[in-house]
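Scroll down for the structure; my scribbles are underneath it.
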2 protein chains.
Amino acid sequence: MAARDLQERIKKLILDRRLASGAPLPTEPELMEHLGASRNSVREALKALQAMGIVEIRHGFGTYVGPMSLAPMIEGLAFRTVAGHSRGEDSLLQLLELREAVETGLVSRLAGRMPEADLVELDALVDRMEEQAARGAGLAETDRAFHATLYRGLDNVLLCEVLEAFWDAFHRVRTDLGGEPQDPKVTCRQHREILDAVRSGDAMRAEEAIREHFGNIRARLSTTAPQAPHTRHNERV
Amino acid sequence: MAARDLQERIKKLILDRRLASGAPLPTEPELMEHLGASRNSVREALKALQAMGIVEIRHGFGTYVGPMSLAPMIEGLAFRTVAGHSRGEDSLLQLLELREAVETGLVSRLAGRMPEADLVELDALVDRMEEQAARGAGLAETDRAFHATLYRGLDNVLLCEVLEAFWDAFHRVRTDLGGEPQDPKVTCRQHREILDAVRSGDAMRAEEAIREHFGNIRARLSTTAPQAPHTRHNERV
DNA sequence: TAGCTCAGTTGGTTAGAGCAGCTGACTCTT
DNA sequence: AAGAGTCAGCTGCTCTAACCAACTGAGCTA
């Protein structure tokens with residue numbers, strides 16, 4: 001009766017006191033008294049809130065209002081995808097398609113509307129990508145930065161965070177599953193093409209560039225991942 | 001040292017045993033033995049996993065593998081939005097823009113590609129919406145169903161769930177904040193227009209219809225929500 | 001046979017004790 | 001007097017042990 005309630009009451013406490021991210025929460029004993037619950041129950045509620053990113057706990061230091069990032073969503077998405085994959089579903093492909101669908105839809109609104117500063121930054125990122133490809137280094141982080149910078153032009157922090165979360169979840173799962181990275185040279189060329197298309201203001205071409213980029217990733221996926229132990233749909237029921 | 005680990009080990013247990021959603025997990029005493037931890041620690045780990053939707057706990061019955069839905073994401077998004085709003089940010093508007101950006105991007109791929117069966121279903125939903133509007137009933141649920149059915153044509157379960165999650169979070173926050181519902185008649189007309197556009201296969205018109213629909217919601221938002229109690233940014237620091 | 005009761009299982013809650021990480025003030029050395 | 005080491009005190013972390021509450025199913029009763 002109390003547990004579900006405790007979480008709500010702690011959330012309410014945060015809202016009522018207008019606590020911003022990073023602000024300190026009452027200590028466990030204080031919460032016990034304030035909420036009239038035992039230490040254990042308070043801790044379980046805090047653990048749940050921590051899992052949702054609402055609260056941040058630092059051992060020996062205190063409890064604080066969390067960064068409210070989408071990190072927990074990444075966690076959940078990644079696990080869901082791994083679990084689905086290990087049961088023979090094409091969950092990783094679905095995650096990739098989700099990214100493709102959203103990004104193709106968004107990139108067309110960007111075409112010709114990017115501030116010059118962002119375009120320059122993207123140029124630098126692709127340059128770095130080529131440099132990394134040349135010396136055989138991984139370019140995952142740079143790829144992430146490219147996509148993040150690209151959609152920054154939409155001027156919606158939440159939207160950017162969501163896209164980054166999708167990227168993170170996908171990347172995490174792909175590496176966990178031991179997927180092969182794609183050909184660095186091809187990846188570089190495709191990013192360059194995306195950037196050129198956006199700069200030129202040709203929405204259709206930008207969309208096509210994104211689609212091709214994802215098509216490449218998808219191709220790599222199907223050569224390694226879809227080990228089909230029992231791919232039959234409707235395994236049960 | 002143990003706590004963060006316990007969650008991982010329980011997740012690993014689920015993966016190793018290929019447990020599907022709804023499958024029973026070991027009882028708390030069994031987990032205590034298997035993980036070599038106290039009941040308390042096990043419970044805290046389970047609570048965190050429950051918050052992430054990975055596990056489902058039923059009092060007096062047992063613990064089960066969760067539905068892996070995006071419900072926790074809704075929770076987190078909603079709280080984040082409410083918290084931001086109460087601190088004077090336009091977080092609710094950002095959430096709406098996120099939906100608009102994604103849906104406008106997606107609806108164009110649907111134009112002309114919807115199976116007739118889905119179109120008929122959408123017809124029925126708009127009919128119901130008009131009937132509800134006529135007798136003054138709320139049409140939130142029908143609106144939700146409309147959007148859900150619309151994007152079912154994309155044949156990506158994950159994508160649909162994400163969009164529904166966004167809808168839920170937005171709707172929850174808007175009602176929590178006491179926002180006024182929009183004019184039912186206008187809403188009906190706009191949904192009819194979206195449907196007609198998709199049926200006709202005119203991608204541009206479909207996009208425009210979606211945009212107009214969201215524009216309507218946004219207008220309603222700005223007349224009621226942005227009560228600015230202390231809208232000054234940088235209230236502290 | 002239909003319904004009830006009760007014992008057993010499962011998770012929920014409380015209590016109290018001790019462990020572990022961090023901070024800041026105090027003390028001892030240089 | 002300045003610096004480094006120590007220690008007391010906060011903080012959250014883990015464990016044990018007991019009891020409460022929800023649900024199930026077997027057995028009893030009508």
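What you see is a predicted model; the values in this text were computed from it and never measured. Below, read A as the first sequence line, B as the second, and so on, with proteins coming before strands; counting in each chain starts at 1.
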If you check the B/Ser38 side chain, which of C/dT13, D/dG12, D/dT14 turns out closest?
D/dT14
Rounded to whole Å, please give me the gap between CG in A/Leu46 and P in D/dT14.
14 Å
Atom-pair distance (CD on A/Glu28; P on C/dA15), nearest Å:
15 Å
Could you state the atom-to-atom distance from CZ of A/Arg39 to P of C/dG12 in whole Å?
20 Å
A/Ile57 side chain: which of D/dC13, C/dG11, D/dT16 is closest?
D/dC13
Proximity to the side chain of A/Phe61 - top-ranked nucleotide from C/dC22, D/dC15, C/dG12:
C/dC22
Separation of B/Leu35 atom CG from D/dT14 atom P, in whole Å?
13 Å
What integer distance in Å separates B/Glu56:CD from C/dG11:P?
13 Å
Please give, in whole Å, the distance from D/dG12 P to A/Leu25 CG?
10 Å
Of all the choices, C/dT14, D/dT11, D/dA22, which nucleotide is nearest to the side chain of B/His59 once you look at every atom?
D/dA22
Decide whether A/Thr63 and A/Glu56 meet the rule of one side-chain donor and one side-chain acceptor closer than 3.5 Å.
no
Counting only N and O atoms by type, is there a donor-acceptor contact under 3.5 Å from the side chain of A/Glu8 to the main-chain atoms of A/Asp5?
no
According to a strict under-4.0 Å criterion, is A/Ser41 in side-chain N/O contact with OP1 or OP2 of C/dG12?
no
A/Asn40 (side chain) and C/dT13 (base): donor-acceptor pair under 3.5 Å
no
Determine whether A/Ile14 and B/Phe79 satisfy the following criterion, side-chain contact (heavy atoms from CB on, under 4.5 Å), listing intermediate values before the conclusion.
CA-CA 10 Å; A/Ile14 295 176; B/Phe79 184 81; 4.1 Å; yes
Could a donor-acceptor pair under 3.5 angstrom be found where the side chain of A/Arg4 meets the base of C/dG12?
no
I want to check a possible cation-pi pair here: A/Arg99 against A/Phe214, using under 6.0 Å from ring centre and within 45° of the ring axis as the test.
no
Integer-rounded Å distance: D/dT11 P and A/Gln50 CD
18 Å
Does any donor atom in the side chain of B/Tyr151 or B/Glu164 lie under 3.5 Å from an acceptor atom in the other side chain?
no
Side-chain N or O of A/Thr63 less than 4.0 angstrom from OP1 or OP2 on D/dG12?
yes
Would one find a side-chain N or O of A/Arg43 under 4.0 angstrom from OP1 or OP2 of D/dC13?
yes
Find which nucleotide of DNA chain D each of A/Arg58 and B/Met32 is nearest to by heavy atoms, and output the residue with the more 5' nucleotide.
A/Arg58
Nearest-Å distance for atom pair CD/P, residues B/Glu30 and C/dT10:
7 Å
